[in-house]
Engineer: 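Okay, here's the structure, questions in a sec.
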Amino acid sequence: MATVVEMKPQAGEIPTAEELVERARAMIPTLKSRARQCTKDYNVSEQTIAEMKAAGFFRILQPKRWGGYEMHPNTFFDVQRLLAEGCMSTGWMYGVVGCHPYELALFHDQAQAEVWGSDSSTLVSSTYQPVGKVEHTDGGFYLSGRWGFSTGSTHCQWVLLGAMVPPKNEGDAPDMRTFLLPRSDYQIIEGTWDTFGLQGTGSFDIVVDRVFVPEYRTHRSVDGFLCNNPGQAENTGPLYTLPWAQVFVRSVSTAAFGGARAAVNAAITIMNDRVSTNTGKASKADPMLHAAISKAYAQILEMELTLKTTFNELMDFAEKGEPIPMEKRALFAYNSSTVVRRLADLIDDIVQLLGGRAVYMSSEIIQPWLDIHAGRAHVANDPANRTADVLGTMQGQPPAFTFL
């Protein structure tokens with residue numbers, strides 16, 4: 001393997017968290033103007049990807065030794081929320097692709113060098129569905145299969161794929177892993193992403209025809225759960241001691257905050273202009289609409305504050321070098337799983353009070369409303385998967401669902 005040079009940035013090259021957040025805020029009008037085309041194209045534009053790269057957004061969770069910023073996760077999620085306010089598909093895509101530098105930092109260093117050694121701006125997509133067929137072989141595995149939902153895949157040169165590794169010995173449990181493959185080893189099947197919401201995420205299918213994946217390009221789920229990952233040998237900062245699942249689950253719920261804020265802003269605009277053609281009454285005098293918008297506004301802020309508090313607490317444990325209590329991990333994962341469904345209910349209450357103005361696809365509230373509902377389908381956004389472990393860990397029982 002060729003020698004690689006780690007891309008350690010100079011201190012002055014790293015923007016502040018405030019600068020990154022303001023760059024994201026400044027992109028809202030541009031993303032809003034591109035949102036309809038993003039939906040029609042079923043993908044985020046190359047121009048938008050280039051602008052997000054130039055802004056440094058994909059480096060927020062990347063190790064400094066590879067040219068990243070290695071920042072507090074709240075900066076990452078603040079950026080995601082703002083991008084999603086302009087276009088929820090773009091915010092969703094950013095959340096998924098933008099959190100992968102974190103997981104890659106947990107892989108063996110040789111895998112990191114293969115992805116970032118010649119170009120530290122290389123992006124990675126994923127689909128963690130455990131549907132791949134795995135065969136043991138010397139030095140690694142053969143992987144085959146077809147996966148759905150690989151968000152942002154056309155913009156990426158590598159992919160992370162989920163699969164269950166069969167046990168070598170009879171009676172042993174299978175081993176859930178993520179496999180890292182270069183673009184030459186898989187096919188992206190465009191045209192497979194035809195949905196009612198989040199159309200612009202470009203979440204196409206991935207096909208792999210029995211390719212070799214070396215052991216070092218796999219990440220064991222149990223290592224992520226135990227916070228004992230190969231990459232921590234080189235990436236020694238407190239950030240990389242967090243449970244991987246805590247970062248990922250929030251990456252697929254946080255875009256909904258931006259979508260919900262966009263929907264609330266659209267509702268206020270409609271409210272101020274709309275007069276019912278049937279009753280002659282102005283929506284700005286409708287107390288039920290006022291109540292629905294106020295409730296949404298307050299609860300969005302409440303959930304956003306919970307997100308910030310969660311990662312402040314997680315990072316406090318990490319910086320002290322203390323293990324995170326399992327009951328907190330279970331509760332934090334549960335909190336994340338409730339976000340999209342709660343937001344969908346709040347925006348539902350608003351939409352039904354806007355009459356015919358909320359029927360047309362040209363209405364600015366419709367796309368974020370549809371996007372939020374589409375986001376509910378992600379397995380990480382189903383609270384039913386989390387409730388048993390919230391109660392169980394409170395009573396000292398080990399979790400049944402260890403992706404937390």
Engineer: I want to check something: taking the side chain as every heavy atom from C-beta on, are Cys87 and Arg34 in contact at a cut-off of under 4.5 Å?
Structural biologist: no

Engineer: I need the minimum non-hydrogen distance between Ala55 and Leu20, along with the two atoms involved.
Structural biologist: O-CD2, 3.3 Å

Engineer: Does the side chain of Glu85 reach to within under 4.5 Å of the side chain of Phe257, using non-hydrogen atoms?
Structural biologist: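 A side-chain contact under 4.5 Å is absent here.
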
Engineer: Answer yes or no: are there more than 12 heavy-atom neighbours, outside Lys53 itself, under 6.0 Å from its atom NZ?
Structural biologist: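 Count over threshold, so yes.
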
Engineer: If you measure from the Lys or Arg side-chain nitrogens to the Asp or Glu carboxylate oxygens, is any gap between Arg210 and Glu135 under 4.0 Å?
Structural biologist: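 Salt bridge present between Arg210 and Glu135.
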
Engineer: Quick one: does Asn229's side chain have a donor or acceptor within less than 3.5 Å of a partner on Gly231's backbone?
Structural biologist: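 Judged by distance alone, no pair lies under 3.5 Å.
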
Engineer: Of all heavy-atom pairs between Ala105 and Gln112, which one has the smallest distance, and what is that distance?
Structural biologist: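 Heavy-atom minimum between the residues: O-NE2, 3.4 Å.
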
Engineer: Given side chains that start at C-beta, do those of Asp316 and Asn312 come closer than 4.5 Å, heavy atoms only?
Structural biologist: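 No - every pair of side-chain heavy atoms lies 4.5 Å or more apart.
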
Engineer: Considering all heavy atoms of both residues, which atom of Ala380 and which atom of Val252 are nearest to each other, and what is their separation?
Structural biologist: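 Closest pair (atom of Ala380, atom of Val252, distance): CB-CG2, 3.8 Å.
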
Engineer: Do you know which two heavy atoms are closest between Gly68 and Ile14, and how far apart they sit?
Structural biologist: O-CD1, 4.2 Å

Engineer: Please determine if Arg177 forms a cation-pi arrangement with Phe179, meaning its NZ or CZ atom is less than 6.0 Å from the six-membered ring centre and no more than 45° off the ring axis.
Structural biologist: no

Engineer: Looking at Ser251 and Gln80, what are the two nearest heavy atoms and their distance?
Structural biologist: O-NE2, 2.9 Å

Engineer: In terms of relative ring orientation, are Tyr128 and His100 parallel, tilted or perpendicular, with 30° and 60° separating the classes?
Structural biologist: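 Tyr128 vs His100 ring planes: perpendicular.
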
Engineer: Measure centre to centre between the rings of Phe204 and Tyr42, then say whether the value is under 6.0 Å.
Structural biologist: no

Engineer: For Asp223 and Leu106, what are the C-alpha separation, side-chain angles and deciding distance, and is it a side-chain contact (heavy atoms from CB on, under 4.5 Å)?
Structural biologist: CA-CA 9 Å; Asp223 290 341; Leu106 306 181; over 6 Å; no

Engineer: With a 4.5 Å heavy-atom cut-off, do Ile60 and Gln62 have their side chains touching?
Structural biologist: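 In short, these two side chains do not touch, never coming nearer than 4.5 Å.
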
Engineer: I want to check something: taking the side chain as every heavy atom from C-beta on, are Ile350 and Lys295 in contact at a cut-off of under 4.5 Å?
Structural biologist: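 Not in contact.
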
Engineer: Please verify the inter-ring angle class for His136 with Phe141; under 30° counts as parallel, over 60° as perpendicular, anything in between as tilted.
Structural biologist: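 Judged by the thresholds at 30° and 60°, the geometry between His136 and Phe141 is tilted.
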
Engineer: Determine whether a donor-acceptor pair (N or O, by modelled atom type, separation under 3.5 Å) exists between the side chain of Ser363 and the backbone of Val359.
Structural biologist: no

Engineer: When you measure from the side chain of Glu19 to the backbone of Thr16, do you find a donor-acceptor pair of N or O atoms at a distance under 3.5 Å?
Structural biologist: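 Confirmed, Glu19 side chain pairs with Thr16 backbone.
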
Engineer: Are there more than 12 heavy atoms of other residues, nucleotides or ligands under 6.0 Å from atom CZ of Phe196?
Structural biologist: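 Counting neighbours around CZ of Phe196, more than 12 heavy atoms of other residues, nucleotides or ligands fall under 6.0 Å, so yes.
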
Engineer: Decide if atom CZ of Phe311 counts as having more than 12 heavy atoms of other residues, nucleotides or ligands within a radius under 6.0 Å.
Structural biologist: yes

Engineer: Check the pair Glu364, Arg36 against salt bridge (charged side-chain N to carboxylate O under 4.0 Å, His left out), reporting the backbone distance first and the verdict last.
Structural biologist: CA-CA 10 Å; Glu364 290 190 4; Arg36 185 169 290 275; over 6 Å; no

Engineer: Using 30° and 60° as the class limits, which term best fits the ring planes of Tyr142 and Phe212: parallel, tilted or perpendicular?
Structural biologist: perpendicular

Engineer: Can you say whether the rings of Phe403 and Phe248 are parallel (under 30°), tilted (30 to 60°) or perpendicular (over 60°)?
Structural biologist: perpendicular

Engineer: Is a side-chain donor or acceptor of Thr75 paired with a backbone partner of Met71 at a separation under 3.5 angstrom?
Structural biologist: no

Engineer: Under a 3.5 Å distance rule, please check whether Asp185 uses its side chain to pair with a backbone N or O of Leu181 as donor and acceptor.
Structural biologist: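 Pair absent, no side-chain N/O of Asp185 close to backbone of Leu181.
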
Engineer: May I ask you to decide if Phe149's main-chain N or O and Trp193's side chain share a donor-acceptor pair within less than 3.5 Å?
Structural biologist: no

Engineer: Looking only at the side chains, is there a donor atom on one of Ser33 and Thr30 sitting less than 3.5 Å from an acceptor on the other?
Structural biologist: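 No donor-acceptor contact under 3.5 Å links the two side chains.
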
Engineer: Looking only at side-chain N and O atoms, does Thr154 offer a donor or acceptor that is under 3.5 Å from a partner on Asn43?
Structural biologist: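 Checked: Asn43/Thr154 side chains pair up, N/O donor to acceptor below 3.5 Å.
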
Engineer: Are the side chain of Asp389 and the backbone of Pro399 linked by a donor-acceptor contact shorter than 3.5 Å?
Structural biologist: no

Engineer: With a 4.0 Å cut-off, would you call Asp345 and Arg342 a salt bridge?
Structural biologist: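 Arg342 and Asp345: not salt-bridged.
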
Engineer: Do Glu70 and Arg59 sit within salt-bridge range, that is, some charged N less than 4.0 Å from a carboxylate O?
Structural biologist: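 Answer for the salt bridge query: no.
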
Engineer: Can a donor-acceptor pair be found between the side chains of Gln367 and Gln199 at a distance below 3.5 Å?
Structural biologist: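 Yes.
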
Engineer: Once you measure the plane-to-plane angle for His219 and Phe107, does it fall in the parallel (<30°), tilted (30-60°) or perpendicular (>60°) bin?
Structural biologist: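 Judged by the thresholds at 30° and 60°, the geometry between His219 and Phe107 is tilted.
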
Engineer: Can you find a pair of side-chain heavy atoms, one from Tyr94 and one from Phe58, that are under 4.5 Å apart?
Structural biologist: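 Tyr94 vs Phe58: side chains touch.
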
Engineer: CZ of Arg81 to CZ of Arg261: how many Å apart, nearest 0.5 Å?
Structural biologist: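 Those atoms lie 6.5 Å apart.
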
Engineer: Return the minimal non-hydrogen interatomic distance between Ser89 and Cys38, and the atom names on each side.
Structural biologist: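 It is CB-SG, 4.2 Å.
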
Engineer: Identify which one of Asp348, Leu354, Asp349 satisfies the side chain to side chain contact (heavy atoms under 4.5 Å, CB included) criterion when paired with Gln352.
Structural biologist: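 Answer to the side chain to side chain contact (heavy atoms under 4.5 Å, CB included) test with Gln352 among Asp348, Leu354, Asp349: Asp349.
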
Engineer: Any donor-acceptor pair under 3.5 Å linking the side chain of Gln246 with the backbone of Arg329?
Structural biologist: yes

Engineer: Tell me if the CZ atom of Phe225 is crowded by more than 12 foreign heavy atoms within 6.0 Å.
Structural biologist: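 Correct, the count exceeds 12.
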
Engineer: So does Asn381 get a backbone contact from the side chain of Arg376, meaning a donor-acceptor N/O pair under 3.5 Å?
Structural biologist: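 Flag not set: sc Arg376 to bb Asn381 has no pair under 3.5 Å.
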
Engineer: If we only count heavy atoms from C-beta on, is the Glu304 to Lys308 side-chain gap below 4.5 Å?
Structural biologist: no

Engineer: Heavy atoms, side chains only, cut-off 4.5 Å: are Thr309 and Thr306 in contact?
Structural biologist: no

Engineer: List the steps, then state whether side-chain contact (heavy atoms from CB on, under 4.5 Å) holds for Ser126 with Val96.
Structural biologist: CA-CA 8 Å; Ser126 70; Val96 173; 3.9 Å; yes

Engineer: For the pair Ser150 (side chain) and Ser153 (backbone), establish whether a donor and an acceptor sit closer than 3.5 Å, ignoring hydrogens and angles.
Structural biologist: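 Answer holds: no.
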
Engineer: Would Asp109 and Arg65 count as a salt bridge (charged side-chain N to carboxylate O under 4.0 Å, His left out) if you check the C-alpha gap in whole Å, the side-chain angles of each, and the deciding distance to 0.1 Å?
Structural biologist: CA-CA 11 Å; Asp109 193 50; Arg65 58 191 286 266; 2.8 Å; yes

Engineer: Could you tell me whether the side chains of Glu234 and Tyr240 share a donor-acceptor contact shorter than 3.5 Å?
Structural biologist: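 Tyr240 and Glu234 do not have a side-chain donor-acceptor pair below 3.5 Å.
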
